[in-house]
Amino acid sequence: MDLYQHFRKEEHRFIDQVFEWKRLVETQYCPKLTDFLDPREQEIIRSIIGHHDDVHVSFFGGSPFVERKRALLYPNYFQPEQEDFRLTLFSVRYPTKFFTIEHRQVLGALMALGVKREKFGDILIQDETVQFVVAEEISPFVRMHLAAIGKATVTLQEEPLSNILLIEEQWDEDTLTVSSLRLDVILAQCFRLSRQSVQTLIENGLAKVNWKIVEQAHFECREGDVLSLRGYGRCKLQSIDGKTKKEKWRITVGKAK
């Protein structure tokens, strides 16, 4: 199918899954709710479903600013409501005087319970407030078993989604000149690091492209890719603006503040 040529090979399996979801909606004439999807997966679904006459899609993860969202594919007759996305928002109660909780600690605590990453959404932290969103179907399990995050003893309080922290990510835009579109080259330029040190970090599994770990320094980046390097932050390849007279690439990147 010509559609596949527009995507990387490693994305083909997910594309097949989207077509299967679409087929289920068409044949069973009822909505299909997915697990949490990262922004790249959401983009793929949009491109496949598009403005299809028989199957539509909506996304929601708790607020307009979250990254990870569940998708709801549905037929013409269906009018999606917020409740159809089956989300639970938890606030973490812990002794703030003695402990600080970080994003990686919340992620690690949930994964240690055996909760799959696709079953929970964004982890939101602002000052001493810590929240996270989970799929409604696993919320009783999480509430019962999550008793500690890091070294802090915690309890969970379910909140209405209207109480979710509204944290909008900001980007600083910059124009760079790079010798190639390789992952190591762009990350080195973006974070002002040596290419050799970036290559080591990539090989150790500390780099991601579109929320997926990439361990090949020679991985070629494309326009729209979101790149991250653990401990340094992330950037987005917003546009590839052509080549200079010296045959180098001029690119525009946004760096997360």
Side-chain angles (χ1 to χ4, degrees), residues 10-11 13-14 17-18 20-21 31-45 58-73 82-96 99-126 128-167 169 204-215 226 228 230-231 234:
E10 61 268 21
E11 295 174 328
R13 179 177 294 182
F14 181 72
Q17 179 67 77
V18 175
E20 176 61 19
W21 291 336
K32 165 63 182 176
L33 180 64
T34 74
D35 287 329
F36 286 94
L37 308 170
D38 63 44
R40 175 58 180 169
E41 291 168 331
Q42 295 167 38
E43 182 182 336
I44 290 172
I45 290 182
S58 295
F59 301 91
F60 188 59
S63 89
F65 303 124
V66 298
E67 284 186 345
R68 298 179 61 80
K69 301 175 182 179
R70 301 185 87 170
L72 187 67
L73 286 73
Q82 182 172 294
E83 294 76 17
D84 296 315
F85 291 88
R86 301 183 63 201
L87 306 176
T88 299
L89 173 67
F90 283 125
S91 283
V92 180
R93 302 302 181 212
Y94 65 103
T96 57
F99 296 98
T100 299
I101 291 179
E102 299 178 353
H103 184 283
R104 61 180 177 83
Q105 294 174 309
V106 182
L107 178 63
L110 287 167
M111 299 292 280
L113 291 180
V115 178
K116 294 181 179 179
R117 187 62 185 96
E118 58 265 27
K119 287 297 182 182
F120 60 96
D122 279 27
I123 297 166
L124 306 164
I125 299 178
Q126 191 172 69
E128 296 176 346
T129 302
V130 179
Q131 298 178 340
F132 60 90
V133 183
V134 303
E136 187 181 279
E137 57 267 27
I138 68 161
S139 61
F141 173 85
V142 174
R143 186 190 295 110
M144 180 178 297
H145 291 94
L146 188 62
I149 297 176
K151 295 182 178 180
T153 299
V154 305
T155 57
L156 301 182
Q157 178 174 321
E158 187 172 336
E159 302 272 5
L161 286 175
S162 57
N163 287 354
I164 194 169
L165 290 171
L166 301 178
I167 304 174
E169 191 167 44
N204 288 333
L206 301 181
K208 291 183 179 181
V209 177
N210 297 326
W211 297 269
K212 303 292 188 296
I213 293 174
V214 173
E215 297 178 340
V226 175
S228 65
R230 189 184 302 175
R234 63 177 166 178

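Judged purely by atom type and a 3.5 angstrom limit, R93 has no side-chain atom pairing as donor or acceptor with the backbone of Q157. At distances below 3.5 Å, at least one donor-acceptor pair connects side-chain atoms of Q42 with backbone N or O atoms of L37. Between the Q131 side chain and the N163 main chain, a donor and an acceptor come within less than 3.5 Å of each other. Between the side chain of Y94 and the backbone N or O of A148, no donor-acceptor pair lies under 3.5 Å. The closest donor-acceptor contact from the side chain of N210 to the backbone of V226 lies under 3.5 Å.
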Worked verdict on F90 versus F132 for ring-ring contact (aromatic ring centres under 6.0 Å, His included): CA-CA 6 Å; F90 283 125; F132 60 90; 5.7 Å; yes
Decide side chain to side chain contact (heavy atoms under 4.5 Å, CB included) for V134 and F36; before the verdict, give the C-alpha distance in whole Å, the side-chain angles of both, and the deciding distance to 0.1 Å. CA-CA 9 Å; V134 303; F36 286 94; 5.5 Å; no
Could you check K212 against D38 for salt bridge (charged side-chain N to carboxylate O under 4.0 Å, His left out), going step by step and ending with a plain yes or no? CA-CA 9 Å; K212 303 292 188 296; D38 63 44; 2.5 Å; yes
Steps toward side chain to side chain contact (heavy atoms under 4.5 Å, CB included) verdict (I164, V133): CA-CA 9 Å; I164 194 169; V133 183; 4.0 Å; yes
Using the rule given for side chain to side chain contact (heavy atoms under 4.5 Å, CB included), can you reason through K32 versus L72, listing the C-alpha separation, both sets of side-chain angles and the distance that settles it, and then say yes or no? CA-CA 6 Å; K32 165 63 182 176; L72 187 67; over 6 Å; no
Salt bridge (charged side-chain N to carboxylate O under 4.0 Å, His left out) between E137 and R70, intermediate numbers included: CA-CA 13 Å; E137 57 267 27; R70 301 185 87 170; 3.0 Å; yes
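With 3.5 Å as the limit, one finds a donor-acceptor pair spanning the side chains of W211 and E67. For the residue pair S91 / E159, a side-chain donor-acceptor distance below 3.5 Å is found, with atom types taken as modelled.
R230 CZ to L206 CG: the interatomic distance, rounded to the nearest 0.5 Å, is 5.0 Å. With values rounded to the nearest 0.5 angstrom, I123 atom CD1 is found 12.0 Å from R104 atom CZ. Interatomic distance, CG of L161 versus OG of S63, reported as 9.5 Å (0.5 Å rounding). To the nearest 0.5 Å, atom CZ of residue F65 and atom CD1 of residue I167 are 10.5 Å apart.
At least one side-chain heavy atom of I45 sits under 4.5 Å from a side-chain heavy atom of W21. Using a 4.5 Å heavy-atom threshold, the side chains of I213 and E215 count as touching. Side-chain contact between V92 and I149: present, with at least one pair of heavy atoms (C-beta onward) separated by less than 4.5 Å. In this structure the side chain of F141 reaches within 4.5 angstrom of the side chain of L113, judged on heavy atoms. By the 4.5 Å heavy-atom criterion applied to side chains, T96 and I101 are not counted as neighbours.
The environment of K208 atom NZ is sparse: at most 12 non-hydrogen atoms of other residues, nucleotides or ligands sit within 6.0 angstrom.
Applying the salt bridge (Lys or Arg N to Asp or Glu O under 4.0 Å) test to every pair with at least one member in residues 108-117, sequence neighbours left out, gives no pairs at all.
The minimum heavy-atom distance between L87 and G62, with the atom names listed, is CD1-N, 3.5 Å.
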